[in-house]
Structures are given as structure tokens and as C-alpha cells.
There are 2 protein chains.
Amino acid sequence: MTLFLSTFINQMDPKGRVSVPASFREQVGLVKTGRVILYRSFTHPCIEGCDIDRMALLSNAADQMPSFSKEQDSLMSLVFADARPLNIDGTGRIVLPEDLQIHARLSKKLAFVGRGKTFQIWDPDLFEKNQKSLREDALKKAPSVVLSS
Amino acid sequence: MTLFLSTFINQMDPKGRVSVPASFREQVGLVKTGRVILYRSFTHPCIEGCDIDRMALLSNAADQMPSFSKEQDSLMSLVFADARPLNIDGTGRIVLPEDLQIHARLSKKLAFVGRGKTFQIWDPDLFEKNQKSLREDALKKAPSVVLSS
DNA sequence: CTTTTCCCCATTGACACCCATGATTTTCCA
DNA sequence: TGGAAAATCATGGGTGTCAATGGGGAAAAG
């Protein structure tokens with residue numbers, strides 16, 4: 001299986017268009033449908049990205065919960081209501097909806113950050129700061145945890 | 001499989017007509033029959049929407065599972081009694097019955113909210129408030145649930 | 001005959017698609 | 001091994017198409 005790996009800095013044009021990194025586009029789920037799913041991160045000022053298969057997986061999981069349960073209800077509204085299926089055009093670009101841009105505090109330059117089965121989109125400066133503090137925390141708290149699993 | 005995803009704000013005209021979002025209309029169950037099923041939510045001031053196939057699925061589930069509680073059974077019958085199959089016209093619009101409008105406290109602007117295999121129709125302001133509180137709860141109670149990659 | 005429901009046409013604004021360019025990388029042959 | 005040709009990629013810009021919406025009128029129901 002292929003994965004979302006590495007970090008790429010691409011530019012957003014005045015129309016809100018930005019190239020999805022070519023290596024990300026090669027991901028099976030994106031090639032198959034020509035689409036990528038984006039949604040606002042719950043915990044960080046960034047955008048989360050994945051393919052449709054991942055969404056379908058979630059949908060099925062939620063569907064198997066007891067009908068009318070509270071947990072199902074909450075999960076559904078949060079995830080699916082916020083998820084944007086975006087078409088990737090012939091030149092490999094998507095148009096970033098404005099509210100997503102605002103949530104992630106994006107300006108012209110965007111960082112596409114690989115995370116394995118998903119990826120994130122950050123403002124490059126914010127991402128740098130976030131990485132730095134993560135690194136420091138990891139060193140302080142639990143160096144042994146890194147690479148477990 | 002396709003899913004109901006994202007949130008769209010559309011306008012209801014004086015005749016009670018409103019466009020079903022194009023991406024919702026592409027859903028197989030809606031294309032096939034040209035119809036959408038709506039019924040009043042039991043738990044929220046909103047309208048629930050799905051396709052005929054999902055109704056059939058619900059019906060079968062109720063039949064085949066003796067484990068269904070008395071409450072679930074009566075809920076089910078309420079759903080079927082309340083369900084309205086509405087025709088989608090040539091331009092992709094439906095006419096919202098007045099009692100549904102009242103239940104969901106709708107005015108001119110409506111929010112079509114994707115929930116995977118179903119969707120909801122909300123007043124945009126009510127929906128915004130609801131989402132906000134759900135988001136806060138999710139962060140407090142179960143951050144692990146939140147789409148960890 | 002009156003009222004409701006449905007169908008048709010017109011408008012507008014967003015976005016999906018088209019082509020072009022330059023920069024970088026890869027290929028491949030001298 | 002060097003270097004030219006070809007391919008790939010990120011980016012800029014123009015334009016046609018389609019979704020959302022408004023309005024009119026025919027068919028159907030009561």
C-alpha cells in the first residue's frame with residue numbers, strides 16, 4: 001500500500017487553487033475517484049485530508065452502532081457535516097473552500113504534510129512551531145514511546 | 001458507495017421550493033427513483049432525509065431483530081407514519097410540506113447537512129449552535145474517537 | 001371555478017475544464 | 001560521462017458549463 005509521506009510547500013493562487021502534491025495524487029483512493037476529502041481538524045489549526053474509502057469506513061462503523069444512540073449522532077454530525085469532497089482537476093489542483101482556509105489560517109504558501117493514511121494542510125510557519133513543540137514534549141515526557149507499535 | 005457529505009446552505013422561495021444540493025441528488029437512491037424521503041427528527045428541531053432503500057433497510061432490521069426494544073419498535077412506526085416521499089423536479093427542487101418547516105423552525109435559508117447514509121435539514125443558526133456544543137463535548141469526553149489516523 | 005402542484009424557460013455567478021509557460025527532473029544516446 | 005531531448009510538475013489565465021434561483025403558466029385536484 002502507498003502512503004502519504006513527506007512534506008511539500010505549494011502556492012495557493014488568487015482563485016484559491018492549489019496543486020495537490022503529485023505523490024499524494026498517486027494514492028489509490030484519490031486516483032480511483034479523482035477526489036480528496038478535506039475537513040477541519042478538531043484539535044489543531046489545520047486541515048485534515050483523506051480519501052473517500054476512509055469516509056465510507058467510518059460511515060459503516062457508525063451505522064453498526066445501536067440505532068438512535070447519542071454517540072452515533074454526535075460523531076455523524078461532526079465528521080460528515082464538515083467533510084468536503086473536492087474534485088482534483090486535470091492539472092492536479094483543488095479549490096480550497098474559504099472557511100477551511102480561515103480555520104487553518106492559510107495565506108499564499110501551504111504545507112502538505114504526509115501522515116500515512118491521511119495528510120494535513122498547514123500554514124508553513126504554524127506547522128514549524130507545532131513540530132518544534134511536539135519534539136520538545138516528546139523528549140521530555142516519553143522518549144521510549146516513539147516508534148512503539 | 002457514495003455518501004451524503006458536507007453542508008450546503010440553500011434558499012427556500014415563497015412557494016416553499018428549495019434545491020436539493022446537486023451532490024446529494026447524485027446519490028444512487030435518489031437518482032433511481034427521483035424521490036427523497038423526509039421525516040421529522042425525534043431528537044432535534046430538524047428534518048431527517050434519506051432514500052427509499054434506507055427505509056426498506058430500516059423496515060427489515062425491525063422485522064428481523066427480536067432484540068429491538070419496545071421503544072425502538074414504536075420509534076420505527078413513528079418514522080414510517082411520518083415519512084414523506086417527495087418528488088425532485090427537473091431543476092433539482094422539492095417543495096417542503098408546511099408541518100416539516102414548522103417542526104424544524106425553518107425560514108428562508110436552509111442547511112442541508114450530510115450524515116453519511118442520511119442527511120438532515122436545519123435552520124442554519126440552530127445548526128451552528130448545535131455543532132458548536134457537540135464539538136466542545138467531543139473534545140472533552142472522547143478525543144480518541146475523533147478520527148485518529 | 002379556485003387552488004395547488006408540477007413543468008418550462010431565463011438569469012447569474014461559481015467553478016470545472018481548456019491551453020500556455022517555465023522550471024525541474026528523467027531519459028537516453030552520442 | 002556529458003548533454004540534449006523529452007517528460008513531469010507547479011503555476012497563470014481565459015472561458016464554457018452547470019447549479020441555484022426567480023418567475024410564468026399549464027395540468028390536476030378539490
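What you are looking at is a predicted structure, and each value in this text was computed from that prediction instead of being measured.
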Legend entry - F24(A)/F4(A) aromatic ring centres below 6.0 Å: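 Centroid separation for F24(A) and F4(A): below 6.0 Å.
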Return the [atom1] to [atom2] distance between [X] and [Y], rounded to the nearest 0.5 Å.
| X | Y | atom1 | atom2 | answer |
| --- | --- | --- | --- | --- |
| I37(A) | S6(B) | CD1 | OG | 9.5 Å |
| F119(A) | S23(A) | CZ | OG | 10.5 Å |
| I121(A) | H103(A) | CD1 | NE2 | 11.5 Å |

Which pair of heavy atoms, one from [X] and one from [Y], lies closest together, and at what distance?
| X | Y | result |
| --- | --- | --- |
| V95(A) | L86(A) | O-CD1, 3.6 Å |
| A111(B) | I9(B) | CB-CD1, 3.7 Å |
| C50(A) | T118(A) | CB-CG2, 4.1 Å |
| D123(A) | S107(A) | OD1-OG, 3.8 Å |

Inset, instruction - Kindly state each residue pair satisfying salt bridge (charged side-chain N to carboxylate O under 4.0 Å, His left out) with at least one member in residues 9-26 of chain A, sequence neighbours excluded. - result: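 Pairs touching residues 9-26 of chain A that pass the test: D13(A)-R17(A).
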Inset, instruction - Any pair with a residue in residues 29-45 of chain A that passes salt bridge (charged side-chain N to carboxylate O under 4.0 Å, His left out), sequence neighbours left out, goes on the list, sorted by first then second residue, please. - result: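 Qualifying pairs: K32(A)-D53(A), R40(A)-D82(A).
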Inset, instruction - Give a yes or no on whether the backbone of D89(A) and the side-chain of N87(A) come within a donor-acceptor separation of less than 3.5 Å. - result: no
Inset, instruction - Heavy atoms of chain A, cut-off under 4.0 Å: which first and last nucleotide of DNA chain D, 5' to 3', fall inside that, if you could look? - result: dC9(D) to dG14(D)
Inset, instruction - Please tell me which of T91(A) and N87(A) maps to the more 5' nucleotide of DNA chain C, matching each residue to the nucleotide holding its nearest heavy atom. - result: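 Closest to the 5' end, via its nearest nucleotide, is N87(A).
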Legend entry - Whether W122(B) and F127(B) hold their rings parallel, tilted or perpendicular, with breakpoints at 30° and 60°: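 Ring orientation of W122(B) relative to F127(B): tilted.
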Legend entry - Axis deviation across the helix from dC1(C)-dG30(D) to dA30(C)-dT1(D), five-pair ends, to the nearest 10°: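 So the angle between the two local helix axes works out to 40°.
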Legend entry - Residues within residues 6-25 of chain B bordering DNA chain D, heavy-atom distance below 4.0 Å: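 The answer is N10(B), Q11(B), D13(B), K15(B), R17(B), S19(B), V20(B), P21(B), A22(B), R25(B).
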Inset, instruction - Give me the first and last nucleotide of DNA chain C, going 5' to 3', that has any atom under 4.0 Å from a heavy atom of chain B. - result: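 Range of nucleotides within reach of chain B: dC6(C) to dC9(C).
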